[in-house]
Amino acid sequence: VQLVESGGGLVQSGGSLRLTCTASGGNFSFSTMVWHRQAPGKERELVAFITGEGIANYTDSVAVRFTVSRDNTKNTMYLQMNSLKPEDTAVYYCHVIYRGSHFGQGTKVTVSS
């Protein structure tokens with residue numbers, strides 16, 4: 001299983017980014033896929049997840065600003081991030097449990113004030 005994140009970068013406060021996680025090495029249609037993030041000096045936290053059926057859930061701090069979605073035909077999950085804040089600065093990781101627990105290498109998001 002391999003997970004590859006992309007779409008991170010530097011953006012000004014209030015801006016938007018769309019992260020992509022592409023999975024390979026299996027059929028993930030029935031697996032819940034998760035976005036985590038880890039800010040400098042902090043522990044990794046769960047940001048959002050989406051089930052195979054498309055049910056999504058979010059941590060409170062991003063619930064009205066971020067949208068998680070997936071395309072099962074492409075084994076891909078997305079995270080649309082709007083109204084970004086400096087406190088959203090972190091490395092964002094994709095995670096899936098499929099014959100084990102798998103994380104991607106992460107994509108860095110930096111939000112300048």
Would you indicate whether the side-chain heavy atoms of Val47 and Phe66 approach each other to under 4.5 Å?
yes
Hey, could you give me the CG/CD1 distance between Asn57 and Ile55, rounded to the nearest 0.5 Å?
9.5 Å
Side chain of Arg65, backbone of Ser83: donor and acceptor closer than 3.5 Å?
yes
Looking at Tyr92 and Met81, what are the two nearest heavy atoms and their distance?
CE2-SD, 3.9 Å
Side-chain donor-acceptor pairs of residues 20-33 under 3.5 Å, sequence neighbours excluded:
residue	atom	partner	partner atom	Å
Asn27	OD1	Ser29	N	3.1
Asn27	OD1	Ser29	OG	2.8

Within the structure provided, determine whether Leu46 and Val34 are in side-chain contact (heavy-atom separation under 4.5 Å).
yes
When you measure from the side chain of Arg44 to the backbone N and O of His36, does any donor-acceptor pair fall under 3.5 Å?
no
Closest non-hydrogen atoms of Ser101 and His95, given as atom of the first, atom of the second and distance, are OG-NE2, 2.7 Å
Is the backbone of Val91 close enough, under 3.5 Å, to the side chain of Gln38 for a donor and an acceptor to pair up by distance?
no
Are Thr67 and Leu79 packed together at the side-chain level, in the sense that at least one heavy-atom pair is separated by less than 4.5 angstrom?
no
Could you tell me if the side chain of Thr107 sits less than 4.5 Å from the side chain of Ser6, heavy atoms only?
no
Nearest heavy-atom pair of Val68 and Ala56: which atoms, and what distance?
CG1-CB, 3.5 Å
Value rounded to 0.5 Å, distance of CD in Gln2 from CG in Asn75
12.5 Å
Does Thr76 form a side chain to side chain donor-acceptor pair (under 3.5 Å) with Asp71? I'd like the steps, not just the answer.
CA-CA 5 Å; Thr76 299; Asp71 184 340; over 6 Å; no
Are Glu45 and Arg37 packed together at the side-chain level, in the sense that at least one heavy-atom pair is separated by less than 4.5 angstrom?
yes
Can Phe49 be reached from Trp35 by stepping across I, L, V, M, F, W or Y side chains whose heavy atoms are under 4.5 Å apart?
no
If you compare all heavy atoms of Tyr93 against all heavy atoms of Gly104, which two are closest, and at what distance to 0.1 Å?
CD2-O, 3.5 Å
Is there a chain of hydrophobic side chains (I, L, V, M, F, W, Y, each step under 4.5 Å between heavy atoms) that links Val111 to Tyr58?
yes
side-chain contact (heavy atoms from CB on, under 4.5 Å) partners for Arg18, two or more places apart:
Tyr78, Gln80
Closest approach of Ser112 to Leu10 (non-hydrogen atoms, all atoms of both residues)
CB-CD1, 4.3 Å
If you look at every heavy atom in Ser13 and Lys85, which pair is closest and at what distance?
OG-CA, 4.3 Å
